[in-house]
Asker: 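Can you keep this structure in mind? I'll have questions shortly.
Predicted model only: the values in this text are computed from it and were never measured.
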Amino acid sequence: MDSELFGIVLEYINFVFFMFTMILFIMFSAMAYFSTRNSIHYRNKNSFTDVSKIMASPLAPTITIIAPAYNEGLTIVENIRSLLSLQYVNYDVMVVNDGSKDDTLQKLKDAYDLVKIDVEMDPDWKSKPVKAIYRSNNRAFSKLTVVDKMNGGKSDALNTGISLSTSKYVGCIDVDCLLQPDALLHVVKSFFQRSQKRVIAVGGVIRVANSCIIDGGQLEEIRLPTNWLARFQLLEYTRSFILGRMAWGRIDSLLIISGAFGFFEREIALAVDGYDTKTVGEDMEIIFKMRRYMHERKEPYTIEYIPDPLCWTEVPEDLKILVNQRDRWARGNLETLFKHKDMLFNSKFGRLGLLSYPYWFFYEWLSPLLEFFGFFTVIMFAYLGILNWKFFISISLAIYLFSIMISFYAILWDVYSYNQYKKTKDILILMGLALLEPFIFHPIVVYAAVRGNYKKLFKVKSGWGSQVRKGFAKAS
């Protein structure tokens, strides 16, 4: 009887694993379909649009780009120069120096001729104390404001910028990001292209700038990263942004906008009290809050997603820094999902509760844990001689081939749509990485996710962590 019961349990485990895998196949196939539809729709729609006309319009809304900086002395001057050279009239750049311990502030003072000014802060806005606010004596840098404050973390720095801004829209970016000159034109167009829905936020694709040539704050030449970790992340970003987020954007169910490139209607951001300073997943958390806010008021709204390559950033090239980053992402994911757990299968929130949240719960949070413990379960079953080798090999091969197919599709669709990497050699390298990713890079990501969940669930003290910048390659 015991052996019969044990056999039933094994068959049940096999069935659950099989169904989990089949649903995953269906979800990713649907993502490929919807992202393709969205990309084609976006390209057709924008083929008739001249975004340069927005720049000359007297009705162009004001935008404040908020860039938190902590120990960014290596690249701060170059990156701010890039932000000051965008093709838009009604915008300003606010750099929030979040208690840097290096020469970040001094480099800004020297490069941009900064002088201290008096600005009134909202006494009811909760953030770490502001020590000083600076503006430039040089008219060429009149758009720049530098806020020097006590260290409170990225979320606190962004909240300070949102509070001090007087613009209609705020752009929250990473200070190490390089924006394309026409980035704001595309953002503004996205905010105003809807007539029946209020656009409360705009996000976009993040591109990998490692090994690219930068000169004067401008991207001069796009190159494939030379570092193997950066190359794997390039493949991952291509798949995630071009397929995943484009698909969720197509069905208006996007639950995250990357912290490296996110623009918000300031009124709504203030209404939800800005970023949550108690989570390390602030970019996901603020989207949840803004969506809940609009749902509860039953106002028609949407979040737009821009597939154009407008934002370039440096990704970790050190294994330890990468693991710490993904550890933090996992903790932020769990914090946000737990905080908004009432959304799970809640029809009140429409597609968000019935589709988006369940996907994030089962396939973004739970899936790495199942993979990790499933690995040891397979070893144990093999040792006990009860592993169904035929089923195991068949399902593993199917998953491997499907993952390669999705990666190949993302690479080739990106080449067809945006053609950032024009050398055949670069495309073949990316496709080769897709063959190796399940064995080399993916286990690292799973380990980092498990470590992050362990820290959060067992309350292991862990902070934001830091990323050491190498700086961008300069044109010779």
Side-chain angles (χ1 to χ4, degrees), residues 16 19-35 38 155 197-203 239-241 243-259 262 264 268-269 271-276 278-305 326 328-372 406 445-446 449-450 452-453 456-457:
V16 170
M19 290 305 298
F20 191 87
T21 303
M22 289 302 103
I23 294 173
L24 183 67
F25 284 5
I26 294 170
M27 290 288 289
F28 272 85
S29 298
M31 283 185 185
Y33 170 75
F34 283 119
S35 65
N38 202 13
S155 298
K197 289 184 177 182
R198 182 177 183 178
V199 179
I200 62 171
V202 174
R239 187 174 56 240
S240 174
F241 287 102
L243 292 188
R245 297 190 188 179
M246 278 294 290
W248 290 115
R250 175 68 179 178
I251 59 175
D252 196 13
S253 301
L254 198 63
L255 282 178
I256 184 172
I257 285 180
S258 175
F264 308 94
I268 306 298
V272 299
D273 295 325
Y275 287 89
D276 187 344
K278 296 180 180 178
T279 180
V280 293
E282 77 290 332
D283 48 358
M284 186 177 184
E285 169 65 17
I286 194 170
I287 297 300
F288 267 82
K289 290 197 300 183
M290 293 176 75
R291 280 193 174 276
R292 290 186 72 115
Y293 178 85
M294 298 301 288
H295 267 281
E296 288 165 359
R297 282 153 183 76
K298 295 181 170 55
E299 294 184 35
Y301 78 98
T302 189
I303 292 176
E304 290 290 333
Y305 189 74
R326 301 311 173 89
R328 184 179 74 245
W329 288 4
R331 283 183 281 128
N333 192 10
L334 179 57
E335 286 172 346
T336 301
L337 289 174
F338 181 77
K339 183 175 179 180
H340 300 276
K341 58 184 180 295
D342 61 311
M343 291 180 67
L344 181 62
F345 296 124
N346 189 340
S347 59
K348 170 187 172 182
F349 296 98
R351 284 188 292 262
L352 300 178
L354 299 176
L355 188 60
S356 298
Y357 189 104
Y359 171 82
W360 275 92
F361 182 84
F362 289 108
Y363 290 101
E364 293 291 341
W365 173 67
L366 188 59
S367 184
L369 301 181
L370 291 178
E371 285 187 59
F372 182 79
I406 290 295
V445 174
V446 171
V450 172
N453 277 280
K456 187 62 185 176
L457 292 171

Asker: Apply side chain to side chain contact (heavy atoms under 4.5 Å, CB included) to the pair Leu355 and Ile251, showing each step before the final yes or no.
Answerer: CA-CA 10 Å; Leu355 188 60; Ile251 59 175; 3.7 Å; yes
Asker: Hey, could you give me the NZ/OG1 distance between Lys341 and Thr336, rounded to the nearest 0.5 Å?
Answerer: 12.5 Å
Asker: In sequence, state the C-alpha distance, the side-chain angles, and the governing distance for His295 and Leu352, and then conclude on side chain to side chain contact (heavy atoms under 4.5 Å, CB included).
Answerer: CA-CA 10 Å; His295 267 281; Leu352 300 178; 3.3 Å; yes
Asker: For the residue pair Ile256 and Arg245, establish whether any side-chain heavy-atom pair is separated by less than 4.5 Å.
Answerer: yes
Asker: Look only at the side chain of Ser35 and the backbone of Ala32, and say whether a donor-acceptor pair between them is shorter than 3.5 Å.
Answerer: yes
Asker: Could you tell me which residues satisfy ring pair (Phe, Tyr, Trp, His ring centres under 6.0 Å) with Phe288, sequence neighbours excluded, listed by chain and number?
Answerer: His340
Asker: Can you confirm whether Phe25 is buried at CZ, in the sense that more than 12 heavy atoms of other residues, nucleotides or ligands lie under 6.0 Å from that atom?
Answerer: yes
Asker: Side chain to side chain contact (heavy atoms under 4.5 Å, CB included) between Tyr293 and Ile268: does it pass, once the steps are laid out?
Answerer: CA-CA 8 Å; Tyr293 178 85; Ile268 306 298; 4.0 Å; yes
Asker: Which heavy atom of Ile200 sits nearest a heavy atom of Met290, and at what distance?
Answerer: O-CE, 3.4 Å
Asker: Can you tell me how far apart CZ (Arg328) and CZ (Arg326) are? Round to the nearest 0.5 Å.
Answerer: 10.0 Å
Asker: Kindly write out the residues that satisfy side-chain contact (heavy atoms from CB on, under 4.5 Å) with Asn346, not counting sequence neighbours, or none if the list is empty.
Answerer: Lys348, Phe349
Asker: Do Glu285 and Thr279 meet the criterion of a side-chain donor-acceptor pair at a distance under 3.5 Å?
Answerer: no
Asker: With sequence neighbours left out, which residue pairs that include part of residues 350-365 fulfil the side-chain hydrogen bond (donor to acceptor under 3.5 Å, both in side chains) condition?
Answerer: Tyr359-Glu364, Trp365-Asn453
Asker: How close do Glu282 and Ser155 get, counting heavy atoms only, and between which atoms?
Answerer: CB-OG, 3.0 Å
Asker: Under 4.0 Å between a side-chain nitrogen and a carboxylate oxygen: does that hold for Asp276 and Lys339?
Answerer: yes
Asker: Between Val280 and Glu335, what is the shortest heavy-atom contact and its length?
Answerer: N-OE1, 3.1 Å
Asker: In Å, rounded to the nearest 0.5 Å, how long is the span from CD1 of Ile406 to CG of Leu24?
Answerer: 9.0 Å
Asker: Taking all non-hydrogen atoms of both residues, which atom of Ala201 and which atom of Ile287 are closest, and how far apart?
Answerer: CB-CD1, 4.4 Å
Asker: Does a donor on one side chain and an acceptor on the other come within less than 3.5 Å for Arg250 and Tyr305?
Answerer: no
Asker: Given Arg292 and Met343, is the side chain to side chain contact (heavy atoms under 4.5 Å, CB included) satisfied, shown in steps?
Answerer: CA-CA 9 Å; Arg292 290 186 72 115; Met343 291 180 67; 3.5 Å; yes
Asker: Atom CG in Leu457, atom CZ in Phe338: separation rounded to 0.5 Å?
Answerer: 10.0 Å
Asker: Under 3.5 Å, side chain of Lys289 to main-chain N/O of Val272, donor-acceptor pair present?
Answerer: yes
Asker: Could you tell me the separation between the CZ atom of Arg331 and the NZ atom of Lys456, rounded to the nearest 0.5 Å?
Answerer: 8.0 Å
Asker: For the residue pair Asp283 and Ile257, what are the closest heavy atoms and their distance?
Answerer: CB-O, 3.3 Å
Asker: How about Lys197 and Asp252: do any of their side-chain heavy atoms sit closer than 4.5 Å?
Answerer: yes
Asker: For a quick test of reading the model, state the closest non-hydrogen atom pair linking Glu304 to Val199 and the distance between them.
Answerer: CG-CG1, 3.8 Å
